Every structure is written in C-alpha cells, then in structure tokens.
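Some notes on the structure that comes next.
Note that this is a predicted model, so its numbers are computed, not measured. Scope of the values below: all heavy atoms of this structure, side chains included, with no hydrogens, waters or symmetry mates. Atoms within each ligand, like the ligands themselves, are counted from 1 in listed order.
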Amino acid sequence: MISHYTLTKKTFLAGAQCLKRMWWEMYDPSAPETRPGLVSRFRMDEGAKVGILARTFVPGGRLIKRGGRSLNVILADSKEALADLSVPAIYECAVIADNALVFPDILQRVDGGFCLIEVKSKTSVSEQKHIPDVAIQTHVLRAAGIPIVRCEIMHLSRECVYPDLSNLFAREDVTELVEARLQTLDREIRDQLITAQLPIAPNVEIGAHCKRPEPCPFMNRCWPVAPTDHVSNLYKVTEKMLAEFEASGWASIRDLPDDVQLSAIAARQRRALREGHRVVERETLLEAMKTLAYPVAHIDFETIQPAIPIWNGCRPYDQIPVQLSCHLVNADHTETHSQWLFDGKGDPRPGMANAILEACKSAATVTAYSSQFERGCIELVAEACPDKAALLKGIADNLVDLQPIVRENVYDEKFAGSFSIKRVVPALVPDLGYDDLPIAEAETASIQLSRMLLGGPTVHPEEKAELREALLEYCKRDTAAMVALSNRLSELAH
Ligand code: SF4
C-alpha cells in the first residue's frame, strides 16, 4: 500500500545524490526550483515520444494504461499482465514493494524471468546517472517476487541514419553494473526512509555531489553567491586547483601570489582584478582586428536537434541549422541585415545553403562568435548540398572567430571568467543586452524553433506567428551584438 513515505524512482534518485535534496523535493513539491520550465517540459515530452517508439522495437507487449485510473487498479492490471505467460512484454507496469513504487518502461519475458529495459532518450549510457535508476527498479521488482535476470538500457543510437530507422535504438546489457550497485541499495533505502520521516531537512554540507550526476536544482539555496573575483570564477579553474587555493586560504583571485602558475588568460584576469580596471593588450588586439577585411559578414545560426531524425542522412540529435542572421558591414561602416528562417516544409538544408551563400556573397571576411559551432553548421549543410559544398566549405574554412580575439587580448571583471557572448557583450557594450527580448538565450530559442517547426497542431498558429517574430529578433540581436563588439574592439585597440 502506498503511504506518504513511499519512495518513487524520482525521490530515490534525488536521495542518492543528496538526502537534503530528496527531503526538499518531498516536502516542498511546488518549490520554484523544481517546477518544470520550458526546457524540462520539452525534454519530458521528447522522452515520452522516444519511449512510445521504443516499445515498437520490443513488440507484442501489453501497455498498462494510467490516465485517470487509481493506483490500485493499475497495480492489479500490472499483476495480471505479469502473471499471463502469453504476454511477451509489459510496458509501464506498476510495482510496489519495500516501501518503493516503480513503473519500469519495459519488462520483456525471457528464459527464467524478465529482462528489465529502461529506455533513455540519450545516445549513450551514463553509469552515474542511469545505473542507480535501473538498480532501484530491479530492487523493487525482485522484492515483489518478479525475477529480473537481465537489465538493459535501450538508448538512441548515433549509428542510425535516416531514412533507415531499423537501428534507431541500441540495447546495452548493464546487468553487472546494476548487480554491483544493488550491494548498497538496502542501506540507501533505509537512510532515505528515515530522512523522509524527519520534521526538517537534514543538514548536508555542499560539495562535489551537488553537481553530479546532474546539477542539483537547489544550488541557489545552499551555495553562497560567489563574487566575481572569487577563485571559483578563475578562467578554466579545475577542482584540484580550487582545493589547493582553499587549503592555502586564497578566496579572491587577487590573493593568488605571483608564483602561482596561471595560463596567460587567467594571469590577465588576476592582473585586471588587482589593478581594478579592464586590461587590453592593445598591440596584439590591433593586429587581430586587422584580419577583418571589409566587407565583414557577421553570422549566427539557431539550430534544432531532433531526437528522432527526420531528414535524409541525419542521425539522432544532429544539430540542424534552421535560422540564420547576418549583418554585413562595409568599410564605411554602413551595414545591411539579412535573415532566413525555415518555413517547416521539406528539408531545411537546401534553403539554408542558399541563404548562407546569398548573405556572404559580397563579404571579404565572415565572422562568428565561438565559430566551431557555426563551422559545424555550415559543414552539415554542405554535406547535404553537394552542388554547393565547395563554396560552403570555403566559408567554413575561412571563418574568423571573434571569441579568441577577445579572450587573448581583453579582460574585464564583468566577464567573471567566461568569454561567452552573453557575458562579454554586456561588459564591453553596456547598451546592448537581451533583457528586452521574449527569447533571450540559445537553448530556449532551439526549443521554441522545434515547437514552431515540428510541433504541428499542438502549437496554435497565433503562437507560431509570435514565436517567429521573437526568434527573428533574437537571432538578429546576436549578430547586431557582434557588430557592436567588433566596433568596440577596434576602439579599444586604438
Ligand atoms: S545544493 Fe548540494 S547540499 Fe544542497 S540540496 Fe543540493 S545537493 Fe544537497
């Protein structure tokens, strides 16, 4: 029978990371930190679609429906299906035992018992994340008398290339890893059940466990906000370095003595903080800016990553560019803006190929910020459009990246150890931000693009029109920011 203290897979996994996290999730279920936002709702929906498709690869099974039915009815249905030897597989059954409730994705009947199959919408097995998940299910199923003789994780396979989806999933045997994890499970469940009955959250110190296997949603509650000069904001600082700094009593980057070996960039960061002003390496910055021959095209892409590929030659989670913004700046500083956004019909890559070539046709230099991403996008489009591949590859090979120009030559305290465009632009061009935009960062843009282009009738046409406007504004702001940043870098160099 389910009680207030019955563990679910979700609470167990939270407790496996941290008992305080588990307690908060149980007793503060409407905490803003755990309320699913756009990103997690989208990921959950996508996971559900992958789960449904996975069942077709273990066919002939019986689905235990949940919607609107009481847990007791679902449990009874599950019991009946498990006992019926004519049912080769059971999807989403409910099993409760040892104060824990689980809903295994697939139980496939095999010699001597069942194979437990956990479906993941990832492309590989994460030992830290997935094994405890399968272990708690195995524990509960066995405690209920269901013989689990094999455990598998069924995940999306990057070997799969559309249109052939026959190998969309890979099944990995994780039985040994699960058996090893089960050794400590009794004690963990006991500790969790004790914690679940505490009147207040247990006291747990912050530490490396807060970030693994995933960042805890309560970091803002437990972790003090680090000032920008804190050693944790040192450029490319490692956990080992942080431990050494802490042991030596150095909390601020300013405190780090000269004989602490730092990279040139981190040393510039220390210098900027000690001197209390922005550091600019004028000579080398000027040299770097001279590589931008006019006209300069500043380009930026937005992409979608369908879990299940939908276009020829694509694999699960290929990052497909579907939106382009380009600001073309002439030597006299006049500029023109062009943009392209996929309309959702057919394959986006031929349209994108034309848009890239058109936007960059008169440019002597094409820039991107953190250009590895843009280079990958152009190469992916080139692969799909052999007739334009040579021209596209020419652009990809000659992309000038603005990020290393900043990184190697400028440090401002407001960067706080990061050279992302969202950190650099507000520090160097304070008038240009993203706060006024309805879509203000890349992950949200990617999800809204997916919803708008692939969401079908689940997204109202009016919302689609609004999203389109917001996405165009967002991508345009990125390239406008690159223009403003280039101008600012030129000023700083002189
Ligand atoms: S931030 Fe760390 S200590 Fe706080 S609840 Fe999360 S995992 Fe536990």
Side-chain angles (χ1 to χ4, degrees), residues 4-41 43-44 47 99-102 118 120 122 125-137 139 177 180-234 236-247 249-252 416-418 423 441 443:
H4 187 57
Y5 303 120
T6 302
L7 300 174
T8 61
K9 187 172 91 165
K10 186 168 171 278
T11 46
F12 171 80
L13 293 175
Q17 179 174 19
C18 170
L19 292 172
K20 193 198 269 183
R21 174 183 175 179
M22 184 198 87
W23 194 94
W24 272 333
E25 288 195 9
M26 286 181 96
Y27 291 101
D28 195 0
S30 54
E33 294 95 332
T34 51
R35 215 172 290 149
L38 175 77
V39 175
S40 42
R41 283 200 312 272
R43 303 268 176 255
M44 280 191 278
N99 294 301
L101 169 68
V102 294
E118 171 66 16
K120 293 291 176 201
K122 302 286 175 198
V125 173
S126 154
E127 204 174 314
Q128 245 195 343
K129 244 179 157 171
H130 300 157
I131 301 306
D133 178 332
V134 184
I136 180 68
Q137 296 182 64
H139 173 89
L177 292 168
R181 189 66 172 77
L182 285 170
Q183 303 303 313
T184 57
L185 222 77
D186 277 334
R187 184 178 46 75
E188 276 180 85
I189 291 179
R190 203 177 54 239
D191 289 349
Q192 293 195 5
L193 288 169
I194 292 169
T195 303
Q197 295 176 56
L198 293 176
I200 54 166
N203 190 18
V204 180
E205 292 294 321
I206 56 171
H209 68 278
C210 301
K211 296 175 187 165
R212 286 195 291 264
E214 59 175 16
C216 170
F218 298 108
M219 298 268 285
N220 285 345
R221 289 195 195 184
C222 298
W223 285 67
V225 179
T228 50
D229 70 329
H230 191 262
V231 284
S232 59
N233 285 324
L234 183 70
K236 290 221 165 149
V237 72
T238 62
E239 279 182 21
K240 186 169 168 254
M241 287 163 79
L242 280 177
E244 283 167 16
F245 296 162
E246 198 185 329
W250 301 322
S252 166
S418 162
R423 199 65 76 73
E441 53 84 35
E443 192 174 23

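Rounded to the nearest 0.5 angstrom, Met241 CE and Glu246 CD are separated by 14.0 Å.
Considering Asn233, Thr228, Asp229 in turn, Asp229 is the only one that fulfils the side-chain contact (heavy atoms from CB on, under 4.5 Å) rule with Ser252.
The local environment of CD in Glu33 is crowded, with over 12 non-hydrogen atoms from other residues, nucleotides or ligands closer than 6.0 Å. Counting non-hydrogen atoms of other residues, nucleotides and ligands closer than 6.0 Å to CD of Glu441 gives a total above 12.
Inspection of the environment of atom 8 (Fe) of ligand 1 yields the following protein N, O or S atoms under 2.8 Å: Cys18 SG.
His139 places no side-chain N or O within 3.5 Å of a backbone atom of Ala135 that could act as its donor or acceptor partner.
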Report, one line per pair, each donor and acceptor closer than 3.5 Å where one atom sits in a side chain of residues 17-25; sequence neighbours left out.
unit_1 : atom_1 : unit_2 : atom_2 : d
Gln17  : OE1    : Arg21  : NH1    : 2.4
Gln17  : NE2    : His209 : O      : 2.9
Gln17  : NE2    : Cys210 : O      : 3.4
Gln17  : NE2    : Arg212 : O      : 3.2
Gln17  : NE2    : Glu214 : O      : 2.8
Lys20  : NZ     : Val204 : O      : 3.4
Arg21  : NE     : Glu25  : OE2    : 2.8
Arg21  : NH1    : Glu214 : OE2    : 3.1
Arg21  : NH2    : Glu25  : OE2    : 3.2
Arg21  : NH2    : Glu214 : OE2    : 3.1
Trp23  : NE1    : Leu198 : O      : 2.9

